Colleague: 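Attaching a single structure in C-alpha cells format; questions to follow.
Naming convention: chains lettered A, B, ... in sequence-line order (proteins, then strands); numbering from 1 in each chain. The model shown is predicted, which means the values in this text are computed figures rather than measured ones.
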Number of protein chains: 2
Amino acid sequence: MNRVGTQKKILDAAELLFSESGYYSTSLREITAKAGVNVAAVNYHFGSKEALLDNVLERRLAPLNKLRLQMLDAVCAEAKDRGRRPSVKALMHAFIAPTIGFRDSDAGSKNFVALVGRAISEPSGTVQRSFFKFMEPFITVMIDSLHEALPDLPAELLLLRFHFSVGTLVHILRANNGAGLPEQRCMAGDRAKHKERKKGYEEPKAITTATLVDEAVNFVTAGMEA
Amino acid sequence: MNRVGTQKKILDAAELLFSESGYYSTSLREITAKAGVNVAAVNYHFGSKEALLDNVLERRLAPLNKLRLQMLDAVCAEAKDRGRRPSVKALMHAFIAPTIGFRDSDAGSKNFVALVGRAISEPSGTVQRSFFKFMEPFITVMIDSLHEALPDLPAELLLLRFHFSVGTLVHILRANNGAGLPEQRCMAGDRAKHKERKKGYEEPKAITTATLVDEAVNFVTAGMEA
DNA sequence: GTCTATACAGAGATAGAC
DNA sequence: GTCTATCTCTGTATAGAC
C-alpha cells in the first residue's frame, strides 16, 4: 500500500477513537485494528503514539488556525481602512467564533473539539509544543491587535487578561459535547434544583453554536475591558 | 506497620510524583519505591491507581472546599445583615481567593494546584465524579447567591457565565507554576518580542498571588455583569 | 489485618525477516 | 514498506508469610 494511504487510514481511525475514548484509553492495537494495518505501522509512520496524536491534531488545526488568522487580519484591515482602532469585541470574535464553530464542521467526530481541549492540558512534550507552535503566529498578531484596541492597558495586564480569555475558551472546548450543552455533567443537578425552587424560568434548551459564541465573546470582552 | 502510617506514606509520595510528572507519567512502582512499601500496597489500601489519585486530591480539597463555603457564607450573611444584595465581586472573591491562595499553603508541592487543574479534565469516571461531589454543595450555594446578586439575569445565561468563570479559574490553576507566572511556556516568547518592539514597558515581574486573585476576580466579575 | 513476593495480561516500542 | 516476533514496563490480582 502507498504511504499516504496507510497514514490517512491510521489518522482517521485514531481521530475517531481518541475522540470517543480519549487518548490514554485508546491503545495502538485498537487503532491499527480499525485502520486495518499492522501494530507496528504507527511507530513506523509516526514514531510514537504521542506523535500520532500530534499529527491527528495538526491535520485539523492547521486549516483552523489559517481561518482564525484570516478573520483577525480582516478585522484589523477593516479598522485600518476606517482609520479606527479595532474593537476588542471584533478581535475576540475572530478568536472565538472559528474555534467554537469548528464543532459544526465535517471534521472526524463531534467530540474532536473536546479532544483538543483535553490535549492542550494533558500529553506532555511533543503535543503541547506543536500546539503552541501552531498558535504562535496567531497569538502574536492577536496580542498586537489587542494592544491597539486597548492602548491604555498595561502590557502585563493585557497579557494576563488574554490568558484568562484563553482559559474560558479552552474550558468551553473541553466541556463541549455533541449537543452543545456546556458542563452538562456538572450543572445538570443544580439546574434541576433551580427549576424546582424558582418558577417562570424557561425550559433549558440546547445552546446553539451562535449563542455560545456570542455569550463567550461578550464575557471575555467585558473581562478584557474591565 | 499501622494502617494509616502506610497510607500516609503512599499519599505523600504519590502527591509529590503526580505533581512533578503528572498522573499518567508516574508509575505505581515509582510511587511505592519512594514510599518504601510494596507494589501491591496501593491496590491493597486504595484499590486502584485512579482511586489513589482520588484520595490524594481529597486530602487537600476537603479543607479547601470547607474554607470556600465558609467565605461564601460570610459574604452572604454580611450582605443580609446590611439588608443588601451580595455583590458579584465579593461572591467571586470567595470563590477564587481560597482556590488560588491554596498555592501558598503548605500543601505537598508547589505544583499541586496544577495537578488539580489537570485532574479535572483528565482521568475519567471516579476522579471527576468525586471532584464534583466535593464541589456540589459549594456550587449550589454559589449559584443561588449569584441569582441574588444578579436578579435580572436569566438563569440560563447566569449558568453559562458561571461556567465561563470556572473555565478561567481552572485555566489559572492548570497553568500555575511555582513562580506564579501564568502560561510562561506559551507567552514567554511573545512577551520577549513585545519588549523588543515596544519600549517603556516595565520589566515582567513575577505576579504575586494577591495580584493574580484581584485580576481574576475583576475579569470574571466584569464578565458576569456584562 | 498487613504486607511481601510473584504471576499475569496488556501496553508501547523495536530489530530484523521478507 | 510491511509484518512478525520479541522486549520492557505498566497496572492489577492473588497466594501465602508474618
Colleague: B:L53 has an atom CG; how far is it from atom P of D:dT12, in whole Å?
Modeller: 12 Å
Colleague: Suppose we call two aromatic rings close when their centres sit under 6.0 Å apart. Are B:F18 and B:F112 close by that rule?
Modeller: no
Colleague: Kindly say if B:H45 contacts the phosphate of C:dG1, meaning a side-chain N or O under 4.0 Å from OP1 or OP2.
Modeller: no
Colleague: Taking the minimum atom-to-atom distance to the side chain of B:V39, which one of C:dT6, C:dT2, D:dG11 wins?
Modeller: C:dT6
Colleague: Between A:L28 and B:N2, which is nearer to the 5' end of DNA chain C once each is assigned its nearest nucleotide?
Modeller: B:N2
Colleague: Does C:dA13 have OP1 or OP2 sitting under 4.0 Å from an N or O in the side chain of A:N43?
Modeller: yes
Colleague: Calculate the interatomic distance between A:K49 atom NZ and C:dA13 atom P; express it in whole Å.
Modeller: 8 Å
Colleague: Measure from NZ on B:K9 to C1' on C:dT2 and round the result to the nearest Å.
Modeller: 12 Å
Colleague: Between D:dG1 atom P and A:F46 atom CZ, what is the distance in whole Å?
Modeller: 13 Å
Colleague: Does the side chain of B:T6 get closer than 4.0 angstrom to OP1 or OP2 of C:dC3 through an N or O atom?
Modeller: yes
Colleague: Please report the closest heavy-atom contact between A:I100 and A:A216, naming both atoms and the distance.
Modeller: CD1-CB, 4.4 Å
Colleague: Assess A:K49 against A:Y23: is NZ or CZ under 6.0 Å from the centre of the six-membered ring, and within 45 degrees of the ring's axis?
Modeller: yes
Colleague: Using whole Å, report how far CD of A:E50 lies from P of C:dA11.
Modeller: 18 Å
Colleague: Measure the distance from CG on A:N38 to C1' on D:dA5 and round it to the nearest whole Å.
Modeller: 11 Å
Colleague: Round to the nearest Å and state the distance from B:E30 atom CD to D:dC9 atom P.
Modeller: 12 Å
Colleague: Toward the 5' end of DNA chain D, which comes first, A:R29 or A:Y44, by nearest nucleotide?
Modeller: A:Y44
Colleague: Cation-pi check for B:F138 against B:R68: NZ or CZ below 6.0 Å from the six-membered ring centre and within 45 degrees of the axis, yes or no?
Modeller: yes
Colleague: Round to the nearest Å and state the distance from B:Y23 atom OH to D:dT10 atom P.
Modeller: 14 Å
Colleague: Under 4.0 Å between any heavy atoms, over every strand shown, what does A:T26 touch: base, sugar-phosphate, or nothing? Just pick one.
Modeller: sugar-phosphate
Colleague: So, A:N65 side chain and A:L61 main chain: donor-acceptor pair closer than 3.5 Å or not?
Modeller: yes
